[in-house]
Amino acid sequence: MPALPPVAELPRWIQGHPQSRKIVLAYNVCLGLEFWVQREAGFCGKQKDEALIKCRILGYLFHHFPSYDIEPFVTEIVTISGRHKALLDLGEVFYVYFIKLFMFNKGDTPEPSSHPSRQSVDDLVAKIKDELEDAPQNHSTAKKKALIRDGFQCVVTKAYDREIMYENKAVRQAVYGGADVELTHCAHIIPESINSDTTSGLKKEANAWTVLDFFGHGELLQSHHDASIHRLDNVMTMAVDVHLDFDRLRIYFTPTKVPNRYKLEAIDPMFLFRRPEYVTFSTPDAEKYPLPNADYLAIHAACAKVAHLSGAAEHIEEALRHMEDTLVLAEDGGSSEVLYTAILSSIPAVAF
């Protein structure tokens with residue numbers, strides 16, 4: 001994991017920020033913490049590596065902060081300046097309730113219940129619409145609405161959903177004509193697990209909602225509580241492999257100057273192989289079928305960048321591989337639930 005860049009390499013927008021001096025002061029606190037961990041703390045081995053990850057999560061957030069409203073984050077760091085343990089605890093909060101939470105976004109999707117019949121695209125849309133008058137209340141209904149908005153295709157690869165191909169003659173004809181078809185999932189941007197009971201024993205200040213509040217998105221506590229996490233602007237139709245890479249923070253979307261057009265970027269070029277350089281989101285009705293939320297995508301992209309630059313992603317992937325190797329896997333496929341529960345239960349109680 002690379003060391004934190006010097007102050008001179010902070011993003012340009014920080015120079016013009018009304019609180020630029022305070023931001024630079026807070027970043028220097030992170031640089032000082034990094035020096036302390038490396039030279040003065042007396043840490044070694046795993047303890048040192050983990051402390052550096054927490055420190056660099058805080059530092060790299062200055063370079064990839066997902067909003068202009070950075071002041072709450074900066075104020076917190078300045079407030080606890082000089083208290084090394086408190087700063088590392090803050091880094092752990094972001095490790096657990098930001099990076100770890102996003103990387104363990106859980107999302108195998110139940111498939112639509114209907115099966116082979118000969119419907120036109122219009123009939124199929126009408127049928128699904130009849131079932132979905134209200135806002136999505138669960139994963140399955142969220143997927144159905146996302147499928148309509150996304151044209152029954154993965155938003156990245158444009159491959160048609162396999163189950164829809166079975167139901168729809170027009171889609172089958174497109175596939176016979178050379179269009180790709182894949183199993184798709186309903187991918188959540190803000191993770192479903194954000195509403196999981198992972199805060200037992202924690203002070204209110206130390207949870208996933210606190211992290212979002214630092215990003216200026218505390219209102220998500222209301223808009224994504226319980227079933228609202230399935231709202232349409234928080235989900236996308238994705239082919240299974242694309243979904244996996246998105247959830248593991250290997251790929252992310254960067255906005256362009258063209259509305260609703262994003263550049264698909266990755267932590268390594270291999271994750272972009274045979275994938276488009278740009279992705280444009282579209283909808284048949286912006287009011288009924290809103291597009292993926294740009295702010296949520298920015299949070300996801302920031303998480304991806306910080307996770308890999310800080311070394312947190314590699315640390316989590318290694319822990320995940322170890323858990324997969326050591327857990328007894330259920331024959332009925334229930335191992336994913338066991339693994340997910342084990343991951344959540346391993347989250348330490350952090351309060352600051």
Side-chain angles (χ1 to χ4, degrees), residues 1-15 17 19-67 69-103 201-203 205-208 210-215 249 267 302-319 346-352:
M1 54 181 165
L4 292 175
V7 171
E9 295 184 23
L10 283 171
R12 276 189 171 185
W13 67 267
I14 287 179
Q15 298 174 16
H17 196 283
Q19 298 292 324
S20 60
R21 287 189 178 183
K22 189 176 180 180
I23 295 171
V24 170
L25 173 63
Y27 186 66
N28 274 320
V29 170
C30 295
L31 291 176
L33 179 65
E34 183 182 49
F35 181 87
W36 178 79
V37 169
Q38 290 178 312
R39 307 287 180 85
E40 299 175 357
F43 296 153
C44 59
K46 182 179 179 181
Q47 185 184 26
K48 182 176 181 179
D49 290 343
E50 292 180 352
L52 281 173
I53 287 172
K54 295 169 190 176
C55 165
R56 288 171 178 166
I57 287 172
L58 297 179
Y60 277 112
L61 274 167
F62 285 85
H63 293 268
H64 302 289
F65 206 75
S67 76
D69 186 15
I70 195 173
E71 191 170 359
F73 174 68
V74 167
T75 298
E76 184 66 29
I77 290 178
V78 171
T79 300
I80 58 177
S81 172
R83 294 160 52 195
H84 298 125
K85 173 67 165 56
L87 286 164
L88 290 177
D89 282 351
L90 180 62
E92 186 173 10
V93 168
F94 280 90
Y95 173 82
V96 172
Y97 294 112
F98 183 42
I99 294 172
K100 196 172 185 180
L101 189 74
F102 270 75
M103 283 195 73
L202 296 183
K203 293 182 181 179
E205 288 79 11
N207 56 42
T210 304
V211 171
L212 293 177
D213 209 19
F214 277 129
F215 296 152
L249 304 178
I267 60 162
C303 189
K305 295 169 189 175
V306 171
H308 291 280
L309 287 168
S310 67
E314 183 180 355
H315 185 262
I316 292 170
E317 290 275 14
E318 183 179 345
S346 72
I347 294 176
V350 180
F352 61 93

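Not measured: the values here are computed from a predicted model. The chain is numbered in sequence order, starting from 1.
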Show the numbers, then the answer: is there a side-chain contact (heavy atoms from CB on, under 4.5 Å) between H63 and K305?
-> CA-CA 9 Å; H63 293 268; K305 295 169 189 175; over 6 Å; no
Gap between atom [atom2] of [Y] and atom [atom1] of [X] - 0.5 Å precision:
X: Q19; Y: D69; atom1: CD; atom2: CG; result: 10.5 Å
X: L25; Y: R21; atom1: CG; atom2: CZ; result: 11.0 Å
X: L58; Y: I53; atom1: CG; atom2: CD1; result: 12.5 Å
X: F62; Y: N28; atom1: CZ; atom2: CG; result: 9.5 Å
X: E50; Y: L88; atom1: CD; atom2: CG; result: 11.0 Å
X: I70; Y: H17; atom1: CD1; atom2: NE2; result: 7.0 Å

For a quick test of reading the model, state the closest non-hydrogen atom pair linking [X] to [Y] and the distance between them.
X: L4; Y: L31; result: CB-CD2, 3.7 Å
X: I80; Y: A86; result: CD1-O, 3.7 Å
X: I57; Y: G91; result: CD1-O, 4.1 Å
X: S20; Y: I14; result: CB-O, 3.1 Å
X: K48; Y: Q38; result: NZ-O, 3.5 Å
X: C303; Y: F98; result: CB-CZ, 3.3 Å

Would you find a donor on one side and an acceptor on the other, under 3.5 Å apart, between the side chain of S310 and the backbone of R56?
->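 Judged by distance alone, no pair lies under 3.5 Å.
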pair [X]-[Y]: side-chain heavy atoms closer than 4.5 Å:
X: Y95; Y: I316; result: yes
X: D213; Y: P72; result: no
X: L90; Y: F214; result: yes

Checking side-chain contact (heavy atoms from CB on, under 4.5 Å) for the pair V78/V29: CA distance, chi angles, key distance, verdict?
-> CA-CA 7 Å; V78 171; V29 170; 5.5 Å; no
How about E314: does its CD atom have over 12 heavy atoms from other parts shown lying under 6.0 Å from it?
->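 Counting neighbours around CD of E314, 12 or fewer heavy atoms of other residues, nucleotides or ligands fall under 6.0 Å, so no.
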State yes or no: are the ring centers of Y60 and H308 separated by less than 6.0 Å?
->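 No; H308 has its ring centre 6.0 Å or more from that of Y60.
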Kindly state whether the ring of F215 and the ring of F65 have centres lying under 6.0 angstrom apart.
->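 Yes; F65 has its ring centre under 6.0 Å from that of F215.
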Can you list the steps and then say if L309 with H64 is a side-chain contact (heavy atoms from CB on, under 4.5 Å)?
-> CA-CA 10 Å; L309 287 168; H64 302 289; 3.4 Å; yes
Do you know which of F43, W36, F35 makes ring pair (Phe, Tyr, Trp, His ring centres under 6.0 Å) with H84?
->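 When ring pair (Phe, Tyr, Trp, His ring centres under 6.0 Å) is applied between H84 and each of F43, W36, F35, only W36 qualifies.
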Output, in order, the C-alpha distance, side-chain angles, deciding distance and verdict of side-chain contact (heavy atoms from CB on, under 4.5 Å) for V24 and L10.
-> CA-CA 8 Å; V24 170; L10 283 171; 4.2 Å; yes
